[in-house]
Undergrad: 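Have a look at the structure that comes next, please.
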Amino acid sequence: MSSIPLSFEFFPTRSEEGRRKLGITRKQLSQYQPEYFSCTYGAGGTTRAGTLQAIIDIINDGVAAAPHLACIGASSEEMTELLHTYKQMGIRHIVALRGDVPSGVGFGQQGLRYAYELVSLIRQEFGDWFHIKVAAYPEFHPQARSAGDDINHFVRKCQAGAHSAITQYFFNADSYFWFIDEIQSRGVNIPIIPGIMPIASFSKLARFSETCGAEIPRWLRLKLQSYADDTASIKALGLDVVTEMCAQLLSQGAPSLHFYTLNQAGLVSTICQRLGY
Ligand code: FAD
(Lines give C-alpha, C1' and ligand atoms only; values in the text may rest on other atoms or scores of the structure.)
Protein backbone atom coordinates (compact mmCIF):
# COMPACT_ATOMS: atom_id res chain seq x y z
CA MET A 1 0.00 0.00 0.00
CA SER A 2 1.33 3.41 -0.97
CA SER A 3 2.19 5.57 2.04
CA ILE A 4 1.74 8.94 0.33
CA PRO A 5 -1.20 10.61 2.11
CA LEU A 6 -4.59 11.17 0.51
CA SER A 7 -7.43 13.58 1.27
CA PHE A 8 -11.02 13.68 0.03
CA GLU A 9 -13.31 16.64 -0.56
CA PHE A 10 -17.10 16.69 -0.19
CA PHE A 11 -19.81 19.28 -0.48
CA PRO A 12 -22.54 19.79 2.13
CA THR A 13 -25.81 17.96 1.55
CA ARG A 14 -29.26 19.52 1.66
CA SER A 15 -31.39 16.67 2.97
CA GLU A 16 -31.21 14.01 5.64
CA GLU A 17 -31.18 11.38 2.88
CA GLY A 18 -28.18 13.12 1.25
CA ARG A 19 -26.44 13.27 4.61
CA ARG A 20 -27.01 9.55 5.14
CA LYS A 21 -25.62 8.71 1.69
CA LEU A 22 -22.61 10.94 2.29
CA GLY A 23 -21.97 9.00 5.52
CA ILE A 24 -21.74 5.81 3.43
CA THR A 25 -19.36 7.49 0.94
CA ARG A 26 -17.12 8.66 3.79
CA LYS A 27 -17.12 5.17 5.27
CA GLN A 28 -16.01 3.67 1.94
CA LEU A 29 -13.22 6.23 1.57
CA SER A 30 -12.08 5.92 5.21
CA GLN A 31 -10.45 2.61 4.26
CA TYR A 32 -7.69 4.60 2.51
CA GLN A 33 -6.80 6.17 5.89
CA PRO A 34 -7.07 9.75 4.64
CA GLU A 35 -5.07 12.52 6.20
CA TYR A 36 -8.35 14.49 6.37
CA PHE A 37 -11.77 14.94 4.79
CA SER A 38 -12.64 18.46 3.68
CA CYS A 39 -16.01 20.10 3.04
CA THR A 40 -16.71 23.06 0.78
CA TYR A 41 -18.36 26.31 1.91
CA GLY A 42 -20.66 28.48 -0.19
CA ALA A 43 -19.42 32.06 -0.59
CA GLY A 44 -21.69 34.49 1.23
CA GLY A 45 -22.26 31.89 3.95
CA THR A 46 -24.87 30.07 1.83
CA THR A 47 -23.85 26.65 3.22
CA ARG A 48 -22.65 27.79 6.63
CA ALA A 49 -24.94 25.43 8.58
CA GLY A 50 -24.53 22.56 6.09
CA THR A 51 -20.73 22.80 6.11
CA LEU A 52 -20.68 22.89 9.91
CA GLN A 53 -22.94 19.81 10.08
CA ALA A 54 -20.74 17.93 7.58
CA ILE A 55 -17.65 18.81 9.63
CA ILE A 56 -19.30 17.53 12.82
CA ASP A 57 -20.20 14.28 10.99
CA ILE A 58 -16.58 13.88 9.83
CA ILE A 59 -15.25 14.38 13.36
CA ASN A 60 -17.77 11.85 14.67
CA ASP A 61 -16.35 9.36 12.13
CA GLY A 62 -12.96 9.82 13.82
CA VAL A 63 -11.30 11.44 10.78
CA ALA A 64 -9.54 14.84 10.82
CA ALA A 65 -11.74 17.54 9.26
CA ALA A 66 -10.73 20.51 7.12
CA PRO A 67 -13.55 23.02 6.64
CA HIS A 68 -13.30 25.30 3.60
CA LEU A 69 -13.95 28.96 4.28
CA ALA A 70 -14.77 31.41 1.46
CA CYS A 71 -14.33 35.02 2.49
CA ILE A 72 -15.62 37.16 -0.36
CA GLY A 73 -18.00 39.80 0.95
CA ALA A 74 -17.74 38.51 4.54
CA SER A 75 -16.61 40.70 7.42
CA SER A 76 -13.51 39.84 9.47
CA GLU A 77 -15.77 39.44 12.51
CA GLU A 78 -17.97 36.90 10.73
CA MET A 79 -14.96 34.82 9.65
CA THR A 80 -13.29 35.08 13.07
CA GLU A 81 -16.45 33.91 14.85
CA LEU A 82 -16.70 30.80 12.66
CA LEU A 83 -12.98 30.11 13.11
CA HIS A 84 -13.41 30.29 16.91
CA THR A 85 -16.18 27.69 16.62
CA TYR A 86 -13.85 25.45 14.61
CA LYS A 87 -11.02 25.96 17.09
CA GLN A 88 -13.30 24.99 19.99
CA MET A 89 -14.13 21.81 18.05
CA GLY A 90 -10.42 20.98 17.94
CA ILE A 91 -10.07 21.52 14.18
CA ARG A 92 -6.50 22.17 13.00
CA HIS A 93 -6.91 22.44 9.20
CA ILE A 94 -8.65 25.20 7.22
CA VAL A 95 -8.92 25.60 3.44
CA ALA A 96 -8.90 29.40 3.05
CA LEU A 97 -10.48 30.74 -0.13
CA ARG A 98 -11.91 33.80 -1.73
CA GLY A 99 -14.91 31.98 -3.22
CA ASP A 100 -17.05 33.14 -6.11
CA VAL A 101 -19.88 35.61 -5.85
CA PRO A 102 -23.09 33.70 -6.65
CA SER A 103 -24.78 35.18 -9.74
CA GLY A 104 -27.35 37.81 -8.86
CA VAL A 105 -25.71 38.53 -5.52
CA GLY A 106 -23.81 41.77 -5.07
CA PHE A 107 -21.42 42.17 -2.15
CA GLY A 108 -20.47 45.72 -3.08
CA GLN A 109 -17.17 46.97 -1.76
CA GLN A 110 -17.66 45.64 1.75
CA GLY A 111 -15.86 42.81 3.48
CA LEU A 112 -12.86 40.71 2.51
CA ARG A 113 -11.96 40.62 -1.19
CA TYR A 114 -9.15 38.12 -1.65
CA ALA A 115 -7.97 34.89 -0.08
CA TYR A 116 -4.67 36.43 1.08
CA GLU A 117 -6.70 38.75 3.36
CA LEU A 118 -8.35 35.72 4.97
CA VAL A 119 -4.97 34.01 5.38
CA SER A 120 -3.57 37.15 7.09
CA LEU A 121 -6.62 37.34 9.34
CA ILE A 122 -6.29 33.69 10.43
CA ARG A 123 -2.57 34.10 11.17
CA GLN A 124 -3.17 37.35 13.05
CA GLU A 125 -6.02 35.98 15.19
CA PHE A 126 -4.97 32.35 15.62
CA GLY A 127 -1.20 32.25 15.10
CA ASP A 128 -0.15 28.69 14.26
CA TRP A 129 -3.28 26.94 15.54
CA PHE A 130 -4.61 26.23 12.04
CA HIS A 131 -2.71 24.62 9.19
CA ILE A 132 -3.87 26.92 6.36
CA LYS A 133 -4.36 25.45 2.90
CA VAL A 134 -5.04 27.72 -0.06
CA ALA A 135 -6.04 27.19 -3.69
CA ALA A 136 -3.46 27.05 -6.51
CA TYR A 137 -4.08 27.18 -10.27
CA PRO A 138 -1.45 25.45 -12.44
CA GLU A 139 -3.47 26.51 -15.52
CA PHE A 140 -4.15 29.92 -13.96
CA HIS A 141 -7.26 31.36 -12.38
CA PRO A 142 -9.91 32.27 -14.98
CA GLN A 143 -10.12 35.89 -13.79
CA ALA A 144 -6.36 36.51 -13.65
CA ARG A 145 -5.18 39.37 -15.85
CA SER A 146 -2.13 37.36 -16.88
CA ALA A 147 -0.16 34.27 -15.88
CA GLY A 148 2.49 36.46 -14.23
CA ASP A 149 -0.12 38.39 -12.28
CA ASP A 150 -1.70 35.19 -11.01
CA ILE A 151 1.66 33.81 -9.85
CA ASN A 152 2.39 37.11 -8.07
CA HIS A 153 -0.92 36.89 -6.25
CA PHE A 154 -0.30 33.25 -5.33
CA VAL A 155 3.12 34.12 -3.92
CA ARG A 156 1.54 36.92 -1.90
CA LYS A 157 -1.02 34.48 -0.49
CA CYS A 158 1.82 32.19 0.61
CA GLN A 159 3.74 35.07 2.13
CA ALA A 160 0.61 35.97 4.11
CA GLY A 161 1.06 32.63 5.91
CA ALA A 162 -0.37 29.69 3.92
CA HIS A 163 1.16 26.34 4.93
CA SER A 164 0.20 24.32 1.83
CA ALA A 165 -1.93 24.57 -1.30
CA ILE A 166 -4.37 22.34 -3.17
CA THR A 167 -4.57 22.81 -6.92
CA GLN A 168 -7.55 23.23 -9.18
CA TYR A 169 -7.87 19.99 -11.15
CA PHE A 170 -5.95 19.54 -14.38
CA PHE A 171 -5.41 16.76 -16.90
CA ASN A 172 -1.92 17.78 -17.92
CA ALA A 173 0.74 16.99 -15.32
CA ASP A 174 3.23 19.37 -17.00
CA SER A 175 1.18 22.37 -15.86
CA TYR A 176 1.59 21.18 -12.26
CA PHE A 177 5.38 20.70 -12.52
CA TRP A 178 5.79 24.01 -14.32
CA PHE A 179 3.82 25.74 -11.55
CA ILE A 180 6.05 24.19 -8.86
CA ASP A 181 9.23 25.28 -10.69
CA GLU A 182 7.85 28.79 -11.07
CA ILE A 183 6.89 29.32 -7.45
CA GLN A 184 10.06 27.66 -6.13
CA SER A 185 12.10 30.09 -8.22
CA ARG A 186 10.19 32.79 -6.33
CA GLY A 187 11.23 31.32 -2.97
CA VAL A 188 7.93 29.56 -2.18
CA ASN A 189 8.47 26.02 -0.97
CA ILE A 190 5.18 25.00 0.61
CA PRO A 191 3.71 21.61 -0.42
CA ILE A 192 1.48 21.92 -3.51
CA ILE A 193 -1.04 19.08 -3.51
CA PRO A 194 -2.61 18.12 -6.84
CA GLY A 195 -6.42 18.29 -6.83
CA ILE A 196 -7.73 15.26 -8.74
CA MET A 197 -11.06 15.16 -10.56
CA PRO A 198 -12.42 11.75 -11.57
CA ILE A 199 -14.32 11.72 -14.88
CA ALA A 200 -17.92 10.56 -14.51
CA SER A 201 -19.72 12.55 -17.20
CA PHE A 202 -18.45 14.52 -20.17
CA SER A 203 -21.11 17.25 -20.30
CA LYS A 204 -20.83 18.14 -16.60
CA LEU A 205 -17.05 18.08 -16.72
CA ALA A 206 -16.98 20.29 -19.85
CA ARG A 207 -19.35 22.83 -18.30
CA PHE A 208 -17.48 22.99 -15.02
CA SER A 209 -14.07 23.13 -16.69
CA GLU A 210 -15.20 26.09 -18.78
CA THR A 211 -16.14 28.04 -15.61
CA CYS A 212 -13.11 27.17 -13.50
CA GLY A 213 -10.52 27.47 -16.25
CA ALA A 214 -9.35 23.83 -16.25
CA GLU A 215 -8.38 22.55 -19.67
CA ILE A 216 -9.55 19.25 -21.07
CA PRO A 217 -6.87 18.40 -23.67
CA ARG A 218 -8.29 18.25 -27.22
CA TRP A 219 -7.63 14.53 -27.72
CA LEU A 220 -9.36 13.67 -24.45
CA ARG A 221 -12.28 16.03 -25.06
CA LEU A 222 -12.95 14.65 -28.55
CA LYS A 223 -12.64 11.06 -27.39
CA LEU A 224 -14.99 11.59 -24.43
CA GLN A 225 -17.39 13.49 -26.68
CA SER A 226 -17.44 10.62 -29.18
CA TYR A 227 -18.83 8.29 -26.50
CA ALA A 228 -22.01 10.41 -26.30
CA ASP A 229 -24.33 8.70 -23.75
CA ASP A 230 -22.09 5.67 -23.27
CA THR A 231 -21.19 6.48 -19.66
CA ALA A 232 -19.42 3.15 -19.15
CA SER A 233 -16.85 4.04 -21.84
CA ILE A 234 -16.52 7.61 -20.51
CA LYS A 235 -15.79 6.29 -17.01
CA ALA A 236 -13.41 3.60 -18.30
CA LEU A 237 -11.32 6.11 -20.29
CA GLY A 238 -11.48 8.61 -17.42
CA LEU A 239 -10.19 6.01 -14.97
CA ASP A 240 -7.26 5.11 -17.24
CA VAL A 241 -6.30 8.75 -17.92
CA VAL A 242 -6.67 10.01 -14.34
CA THR A 243 -4.97 7.00 -12.74
CA GLU A 244 -2.03 7.28 -15.13
CA MET A 245 -1.67 10.98 -14.35
CA CYS A 246 -1.83 10.32 -10.58
CA ALA A 247 0.87 7.65 -10.91
CA GLN A 248 3.06 10.13 -12.79
CA LEU A 249 2.45 12.86 -10.20
CA LEU A 250 3.33 10.54 -7.33
CA SER A 251 6.42 9.10 -9.02
CA GLN A 252 7.68 12.60 -9.75
CA GLY A 253 7.32 13.87 -6.20
CA ALA A 254 3.76 15.09 -5.56
CA PRO A 255 3.51 15.17 -1.73
CA SER A 256 -0.10 13.96 -1.56
CA LEU A 257 -3.30 13.69 -3.66
CA HIS A 258 -6.57 15.52 -2.92
CA PHE A 259 -9.66 14.04 -4.58
CA TYR A 260 -12.73 16.04 -5.62
CA THR A 261 -15.15 13.22 -4.82
CA LEU A 262 -18.41 14.97 -5.79
CA ASN A 263 -19.75 12.98 -2.82
CA GLN A 264 -19.28 9.66 -4.69
CA ALA A 265 -16.83 6.96 -3.64
CA GLY A 266 -16.86 4.63 -6.69
CA LEU A 267 -14.43 6.16 -9.21
CA VAL A 268 -12.15 7.63 -6.55
CA SER A 269 -11.95 4.26 -4.84
CA THR A 270 -11.01 2.51 -8.10
CA ILE A 271 -8.28 5.08 -8.77
CA CYS A 272 -6.87 4.63 -5.24
CA GLN A 273 -6.88 0.85 -5.59
CA ARG A 274 -5.18 0.99 -8.98
CA LEU A 275 -2.53 3.21 -7.42
CA GLY A 276 -1.87 0.53 -4.83
CA TYR A 277 -3.77 1.99 -1.88
P1 FAD B 1 -7.66 34.41 -4.64
O2 FAD B 1 -6.40 33.75 -4.26
O3 FAD B 1 -8.09 35.59 -3.83
O4 FAD B 1 -7.55 34.79 -6.18
C5 FAD B 1 -8.73 35.13 -6.92
C6 FAD B 1 -8.36 35.94 -8.15
O7 FAD B 1 -7.97 37.24 -7.74
C8 FAD B 1 -7.19 35.39 -8.98
O9 FAD B 1 -7.45 35.69 -10.32
C10 FAD B 1 -6.00 36.18 -8.46
O11 FAD B 1 -4.97 36.28 -9.44
C12 FAD B 1 -6.63 37.52 -8.17
N13 FAD B 1 -6.02 38.25 -7.07
C14 FAD B 1 -5.55 37.76 -5.90
N15 FAD B 1 -5.07 38.74 -5.15
C16 FAD B 1 -5.25 39.90 -5.84
C17 FAD B 1 -4.97 41.28 -5.58
N18 FAD B 1 -4.38 41.67 -4.45
N19 FAD B 1 -5.30 42.20 -6.53
C20 FAD B 1 -5.88 41.82 -7.70
N21 FAD B 1 -6.17 40.54 -7.99
C22 FAD B 1 -5.87 39.59 -7.06
N23 FAD B 1 -15.09 28.10 -3.81
C24 FAD B 1 -16.06 28.22 -2.88
O25 FAD B 1 -16.90 29.12 -2.97
N26 FAD B 1 -16.13 27.37 -1.81
C27 FAD B 1 -15.23 26.37 -1.63
O28 FAD B 1 -15.33 25.62 -0.65
C29 FAD B 1 -14.19 26.22 -2.59
N30 FAD B 1 -13.23 25.27 -2.46
C31 FAD B 1 -12.16 25.23 -3.34
C32 FAD B 1 -11.13 24.31 -3.12
C33 FAD B 1 -10.02 24.27 -3.98
C34 FAD B 1 -8.93 23.29 -3.70
C35 FAD B 1 -9.98 25.14 -5.11
C36 FAD B 1 -8.83 25.08 -6.07
C37 FAD B 1 -11.00 26.04 -5.34
C38 FAD B 1 -12.10 26.11 -4.46
N39 FAD B 1 -13.13 27.03 -4.63
C40 FAD B 1 -14.15 27.13 -3.69
C41 FAD B 1 -13.15 27.92 -5.79
C42 FAD B 1 -12.45 29.26 -5.49
O43 FAD B 1 -13.10 29.92 -4.44
C44 FAD B 1 -12.52 30.08 -6.77
O45 FAD B 1 -11.64 29.55 -7.73
C46 FAD B 1 -12.31 31.57 -6.60
O47 FAD B 1 -12.63 32.19 -7.85
C48 FAD B 1 -10.88 31.98 -6.25
O49 FAD B 1 -10.58 31.66 -4.97
P50 FAD B 1 -9.07 31.83 -4.42
O51 FAD B 1 -9.12 31.49 -2.99
O52 FAD B 1 -8.13 31.12 -5.30
O53 FAD B 1 -8.91 33.42 -4.63
Side-chain angles (χ1 to χ4, degrees), residues 6-13 35-52 54-55 58 65-74 79 82 86 93-103 105 107 109 111-122 131-170 175-176 179 182-183 186 188 190-197 208-215 254 256-263:
L6 302 176
S7 53
F8 301 103
E9 178 175 317
F10 307 106
F11 54 82
T13 53
E35 194 184 2
Y36 62 89
F37 284 150
S38 83
C39 183
T40 61
Y41 179 91
T46 48
T47 68
R48 191 182 162 115
T51 302
L52 187 57
I55 293 298
I58 291 169
H68 294 209
L69 206 48
C71 69
I72 191 161
M79 293 285 99
L82 191 47
Y86 286 140
H93 299 262
I94 292 286
V95 185
L97 304 141
R98 183 194 75 172
D100 290 310
V101 184
S103 57
V105 178
F107 290 134
Q109 296 299 309
L112 301 166
R113 291 167 311 156
Y114 295 108
Y116 82 89
E117 295 172 314
L118 178 59
V119 174
S120 303
L121 175 73
I122 300 174
H131 175 111
I132 306 170
K133 302 164 197 301
V134 292
Y137 302 85
E139 296 178 340
F140 308 111
H141 185 264
Q143 289 155 10
R145 271 187 307 195
S146 67
D149 225 35
D150 207 30
I151 293 281
N152 288 341
H153 292 141
F154 180 77
V155 169
R156 180 170 182 183
K157 193 157 62 170
C158 297
Q159 287 165 346
H163 296 92
S164 65
I166 305 168
T167 73
Q168 183 56 275
Y169 66 88
F170 52 84
S175 66
Y176 169 79
F179 184 82
E182 182 76 17
I183 60 156
R186 304 279 300 271
V188 172
I190 64 169
I192 308 292
I193 294 136
I196 306 297
M197 180 67 90
F208 191 52
S209 301
E210 187 66 33
T211 327
C212 73
E215 188 173 78
S256 175
L257 296 176
H258 178 83
F259 284 92
Y260 296 108
T261 69
L262 307 180
N263 289 6

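Whatever order the structure lists them in is the order used to number ligands and atoms, beginning at 1.
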Undergrad: What atoms of ligand 1 come closer than 4.0 angstrom to any heavy atom of K157?
TA: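 Selected atoms, number and element: 2 (O), 52 (O).
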Undergrad: For atom 53 (O) of ligand 1, find the nearest protein heavy atom and state the residue, atom name and distance (0.1 Å precision).
TA: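 Checking every protein heavy atom, the shortest distance to atom 53 (O) of ligand 1 gives R98 CB, 3.2 Å.
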Undergrad: Run the numbers for me: atoms of ligand 1, each under 4.0 Å from some heavy atom of Q143, listed by number.
TA: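 Every atom of ligand 1 under 4.0 Å from some heavy atom of Q143: 9 (O).
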Undergrad: Of the backbone atoms (N, CA, C, O) and the side-chain heavy atoms from C-beta on, which set of H153 has a member under 4.0 Å from an atom of ligand 1: side chain, backbone, both, or neither?
TA: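 Side chain only.
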Undergrad: Which option wins on minimum heavy-atom distance to atom 39 (N) of ligand 1: D149, T211, L97?
TA: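 Residue with the shortest heavy-atom distance to the ligand atom: L97.
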Undergrad: When you measure from the side chain of N263 to the backbone N and O of F11, does any donor-acceptor pair fall under 3.5 Å?
TA: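 At least one qualifying donor-acceptor pair exists.
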Undergrad: At under 4.0 Å between heavy atoms, which part of R156 makes contact with ligand 1: side chain, backbone, both or neither?
TA: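 Only the side chain of R156 comes within reach of ligand 1.
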Undergrad: Relative to atom 44 (C) of ligand 1, which among L118, D100, N152, I166 owns the nearest non-hydrogen atom?
TA: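 It is D100 that holds the nearest heavy atom.
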Undergrad: Numbering the atoms of ligand 1 from 1, which are under 4.0 Å from a heavy atom of A144?
TA: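 Per the distance check, 9 (O).
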Undergrad: Shortest non-hydrogen contact from Y41 to R48?
TA: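 Answer, listing the atom of Y41 first, then R48: CE1-CA, 3.8 Å.
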Undergrad: Would a distance-only check, ignoring hydrogens and angles, find a side-chain to backbone donor-acceptor pair under 3.5 Å from T47 to G50?
TA: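 A pair under 3.5 Å: no.
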Undergrad: With only distance considered, is E9 within less than 3.5 Å of ligand 1 through an N or O on each side?
TA: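 E9 vs ligand 1: no N/O contact under 3.5 Å.
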Undergrad: Closer than 4.0 Å to some heavy atom of D150 - which atoms of ligand 1 meet that?
TA: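 Those of ligand 1 that fall under 4.0 Å from D150 are 8 (C), 9 (O), 10 (C), 11 (O).
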Undergrad: For T51 and H68, does a side-chain donor sit closer than 3.5 Å to a side-chain acceptor?
TA: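 No, H68 and T51 have no side-chain donor paired with an acceptor closer than 3.5 Å.
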Undergrad: Is it the side chain (CB and beyond), the backbone, both or neither of Y260 that lies under 4.0 Å from ligand 1, heavy atoms counted?
TA: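 For Y260, the contact with ligand 1 is made by the side chain alone.
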Undergrad: Quick one: look up the protein heavy atom nearest atom 9 (O) of ligand 1 and list residue, atom name and how far away it is.
TA: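 Residue, atom and distance for the closest contact: H141 ND1, 2.8 Å.
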Undergrad: Considering only heavy atoms, which of Y41, Y114, F154 lies nearest to atom 25 (O) of ligand 1?
TA: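 The option holding the nearest heavy atom is Y41.
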Undergrad: Show which atoms of ligand 1 fall inside a sub-4.0 Å distance from at least one heavy-atom site of Q168.
TA: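 Under 4.0 Å from Q168, ligand 1 has these atoms: 36 (C).
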Undergrad: For atom 36 (C) of ligand 1, tell me which residue out of G99, P12, A135 has the closest non-hydrogen atom.
TA: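 Result: the heavy atom closest to atom 36 (C) of ligand 1 is in A135.
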Undergrad: What part of Y116, side chain from CB on, backbone N/CA/C/O, both or neither, has a heavy atom under 4.0 Å from ligand 1?
TA: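 Contact part for Y116 vs ligand 1: side chain (C-beta onward).
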Undergrad: Of all heavy-atom pairs between K157 and A115, which one has the smallest distance, and what is that distance?
TA: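 Nearest heavy atoms, K157 then A115: CD-CB, 3.6 Å.
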Undergrad: Under 4.0 Å from a heavy atom of H68: which atoms of ligand 1 are those, numbered in the order shown and with their elements?
TA: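 What qualifies from ligand 1 is 27 (C), 28 (O), 29 (C), 30 (N), 31 (C), 32 (C).
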